[in-house]
S.K.: 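This is the structure I have questions about; it appears just below.
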Amino acid sequence: MSDDLDLFLQINNAILDIQAAQQQSFERPLKALVRLLHHPSLEEINRSLITNVDFDAFIHESETTGGSMVGSHQLVWPDEPEKILGLTLILLDKFAADPDYALNFCNQFFYSGRKVIAGLQAFTRQVIIPFARDYKTYVINHGSLSPKLMQSKSNKIFIVHGHDGEARETVARFLSSIGLNPIILHEQANRGRTVIEKVEANSDVSFAVVLLTPDDLGKAKNDIELEPRTRQNVLLELGYFIGKLGRENVCALKRSEVEIPSDFAGVVWEAMDVGNGWKTALGRELNAAGHNIDWNKVMK
């Protein structure tokens, strides 16, 4: 496959456009996404994924899950990851062929309020974004891709943080426990450099974990109430690492209630709950990004 990185970048950009679209404008990026997924170099992979799935049975079983309450239906996904990819490919094809079907489907299974487009946006967050991540990994592992997509992974993981020292240390200990090397900026030598120069000097990492914690308060000019926000340096470094590493190699952990910037759409974020669910979620993202994860250590 030629221009592999460009193809996956275009797929991610189309997904971002879907997230940002309104009811009058979602059709174009949706069709662009499906067109990219039907790139000639992907057709053999796609055929193998959809061959052994029964889409009609999947829909029929899912439709039996709902009651009379709006939004009570749930998709009954199979256990096999390959079948999930195949079903999603077929579903996206149907969405692109009939945008009204897309809106009705998302309203039925991903109801998110009175705005019809909210269902499609929820579907994008919950289905399309994870699909794009897992699909790329599957193609890399099973397709004939250029070696440039199979670069060895550094075990250094940058932790972007605000004032929540407990969250920072908890994540750092977790990364160390699974064999990765957490990089915390204030622990690195200054050597007379500015903060951004230190970030650049220590950005030879393969992945960044961004802690979105409610350290500040802020509001729009015409708003009345202040809302919890993450620190501005965190947002700056978030944008830096998205540009440096790509969105698929950045995972945010959100603690408590904190405003999520609109430009953050398309980047994976997980709730840093009081239990250990966030560890499984972060381990999954690291694994999808190409790191070998010992799940026995994750679950400790």
Side-chain angles (χ1 to χ4, degrees), residues 5-6 8-9 12-13 16 133 147-220 227-256 258-270 272 278-279 281-283 285-293:
L5 287 174
D6 287 342
F8 285 116
L9 178 61
N12 285 336
N13 286 341
L16 280 177
R133 175 198 63 211
K148 64 186 178 182
L149 285 178
M150 299 296 290
Q151 298 173 356
S152 59
K153 288 285 184 180
S154 165
N155 74 336
K156 294 197 291 185
I157 311 296
F158 199 101
I159 300 178
V160 177
H161 64 89
H163 284 167
D164 193 332
E166 178 189 357
R168 179 192 68 225
E169 294 304 317
T170 299
V171 172
R173 287 195 301 270
F174 169 69
L175 292 173
S176 297
S177 73
I178 60 175
L180 298 172
N181 180 19
I183 303 298
I184 298 173
L185 193 63
H186 77 263
E187 295 179 352
Q188 313 306 312
N190 288 325
R191 300 179 62 185
R193 294 173 296 203
T194 64
V195 173
I196 191 61
E197 287 173 338
K198 281 187 67 177
V199 172
E200 292 172 341
N202 291 280
S203 64
D204 56 334
V205 298
S206 58
F207 198 91
V209 179
V210 182
L211 302 182
L212 301 178
T213 54
D215 298 319
D216 290 346
L217 292 173
K219 67 182 183 69
E227 299 290 341
R229 289 183 176 177
T230 191
R231 289 185 59 78
Q232 291 179 324
N233 73 287
V234 172
L235 296 180
L236 175 63
E237 292 171 37
L238 166 65
Y240 175 83
F241 281 106
I242 290 175
K244 175 79 174 181
L245 304 175
R247 294 188 305 274
E248 67 273 19
N249 292 308
V250 177
C251 178
L253 296 177
K254 184 172 77 74
R255 198 171 206 184
S256 303
V258 61
E259 182 183 31
I260 300 295
S262 59
D263 286 350
F264 189 56
V267 181
V268 175
W269 66 268
E270 301 287 347
M272 191 174 181
W278 66 270
K279 294 181 179 180
L282 180 54
E285 299 306 326
L286 288 163
N287 185 68
H291 293 277
N292 293 320
I293 301 298

S.K.: Could you tell me the separation between the CG atom of Asn12 and the CZ atom of Arg247, rounded to the nearest 0.5 Å?
M.R.: 4.5 Å

S.K.: For the residue pair Phe241 and Phe158, categorise the inter-ring angle as parallel (less than 30°), tilted (30 to 60°) or perpendicular (more than 60°).
M.R.: tilted

S.K.: Restricting to side-chain contact (heavy atoms from CB on, under 4.5 Å), what partner residues turn up for Asp204, sequence neighbours left out?
M.R.: Lys156

S.K.: As an exercise, state the distance from CD of Glu270 to CH2 of Trp278, rounded to the nearest 0.5 Å.
M.R.: 11.5 Å

S.K.: With rounding to the nearest 0.5 angstrom, report the CD1 to CG distance, Ile242 to Asn249.
M.R.: 11.0 Å

S.K.: Mind checking what makes ring pair (Phe, Tyr, Trp, His ring centres under 6.0 Å) contact with Phe207, not counting sequence neighbours?
M.R.: none

S.K.: Side chain to side chain contact (heavy atoms under 4.5 Å, CB included) for Ile184 and His161? Distances and angles first, verdict last.
M.R.: CA-CA 8 Å; Ile184 298 173; His161 64 89; 3.7 Å; yes

S.K.: If you take all heavy atoms of Ser154 and His291, which pair is closest and at what distance?
M.R.: O-CE1, 3.1 Å

S.K.: Going from CG on Leu175 to OG1 on Thr170, what distance comes out if it is rounded to the nearest 0.5 angstrom?
M.R.: 11.0 Å

S.K.: Taking atom OG1 of Thr213 and atom NZ of Lys254, what is their separation to the nearest 0.5 Å?
M.R.: 11.5 Å

S.K.: Just distance, no hydrogens or angles: give the donor-acceptor pairs under 3.5 Å from side chains in residues 192-200, sequence neighbours left out.
M.R.:
{"unit_1": "Arg193", "atom_1": "NE", "unit_2": "Asn190", "atom_2": "O", "d": "3.1"}
{"unit_1": "Arg193", "atom_1": "NH2", "unit_2": "Ala189", "atom_2": "O", "d": "2.9"}
{"unit_1": "Thr194", "atom_1": "OG1", "unit_2": "Glu197", "atom_2": "N", "d": "3.3"}
{"unit_1": "Thr194", "atom_1": "OG1", "unit_2": "Glu197", "atom_2": "OE1", "d": "3.3"}
{"unit_1": "Glu197", "atom_1": "OE1", "unit_2": "Thr194", "atom_2": "N", "d": "2.8"}
{"unit_1": "Lys198", "atom_1": "NZ", "unit_2": "Leu185", "atom_2": "O", "d": "3.1"}
{"unit_1": "Lys198", "atom_1": "NZ", "unit_2": "Gln188", "atom_2": "O", "d": "3.0"}
{"unit_1": "Lys198", "atom_1": "NZ", "unit_2": "Asn190", "atom_2": "OD1", "d": "2.9"}

S.K.: Check this for me: does any side-chain nitrogen of one of Glu166 and Arg255 sit under 4.0 Å from a carboxylate oxygen of the other?
M.R.: yes

S.K.: Let me confirm one number: the CG-CG distance from Asn233 to Leu238, rounded to the nearest 0.5 Å.
M.R.: 11.0 Å

